[in-house]
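Below: the structure, in structure tokens.
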Amino acid sequence: MSDDEKKRALAAEHNQYGTFQGVGSYPPPPSPPPPPPPEHPPPAMGFPHPVPPPGSSEPSAPPQYYAQGYQAVPGYPVAEGRPVRERRLPCCGLGCGWCLFIIGFFLAAIPWYVGLLVFLCTRNRMDHREKPGYIACTIAAVLATIAAIIGGSSSAW
């Protein structure tokens, strides 16, 4: 048997490739021992942190009772009774003010001036949910007026 055949037979016998893989008949190194269990469990992570229930720190204090019923957080009353129902807003639930504001982009700002007049004439009797849309119309009407004044006074005409 030549040297090349011996090397091939030896390579076929060892099914490993490379220099640093060790000898096949050598046992693997021992695994490290597992770490000892902790004496105390790790602290709780996340928010909110756990807090003992009220009254557990002072066992001599009498428990607090509320005459109006259960109170979830001390100092904040729980609203009981029938919920308040408000009427539905017109114009697909947006309100007339926001509807006029959106339409004003398509109809040359005229609806913004209508919203401005409605806001100025019915300010005291207006639904509080409608007011932001009318204020947006007022701001848009003022800006459109300023833009018209600046654009009309330029010498490019």
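As a basis for the values below, the full set of heavy atoms in this structure was taken, side chains included, without hydrogen atoms, waters or symmetry mates. Start at 1 with the first residue, then count along the sequence.
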| request: State which residues pass side-chain contact (heavy atoms from CB on, under 4.5 Å) with Ile110; sequence neighbours excluded, sorted by chain then number. | output: none

| CD on Glu130 to SG on Cys91, rounded to 0.5 Å | 7.5 Å

| How does the hydrophobic cluster around Leu117 look, that is, which other residues are in it when side-chain heavy atoms under 4.5 Å mark a link? | none

| remark: Residues joined to Phe106 in its hydrophobic cluster, side chain to side chain under 4.5 Å directly or through other members, sorted by chain and number, are Leu94, Trp98, Phe101, Ile102, Phe105, Trp112

| task | Only counting residues at least two apart or in another chain, list the ones meeting side-chain contact (heavy atoms from CB on, under 4.5 Å) with Ile135. | result | Phe119, Lys131, Ile139

| Candidate list Leu120, Leu116, Val118, Val114, test side-chain contact (heavy atoms from CB on, under 4.5 Å), partner Tyr134, passing option | Val118

| In the hydrophobic cluster built from side-chain contacts under 4.5 Å, what are the other members alongside Ile103? | Leu107

| query | Listed by chain and number, what are the salt bridge (Lys or Arg N to Asp or Glu O under 4.0 Å) partners of Arg87, not counting sequence neighbours? | reply | Asp127

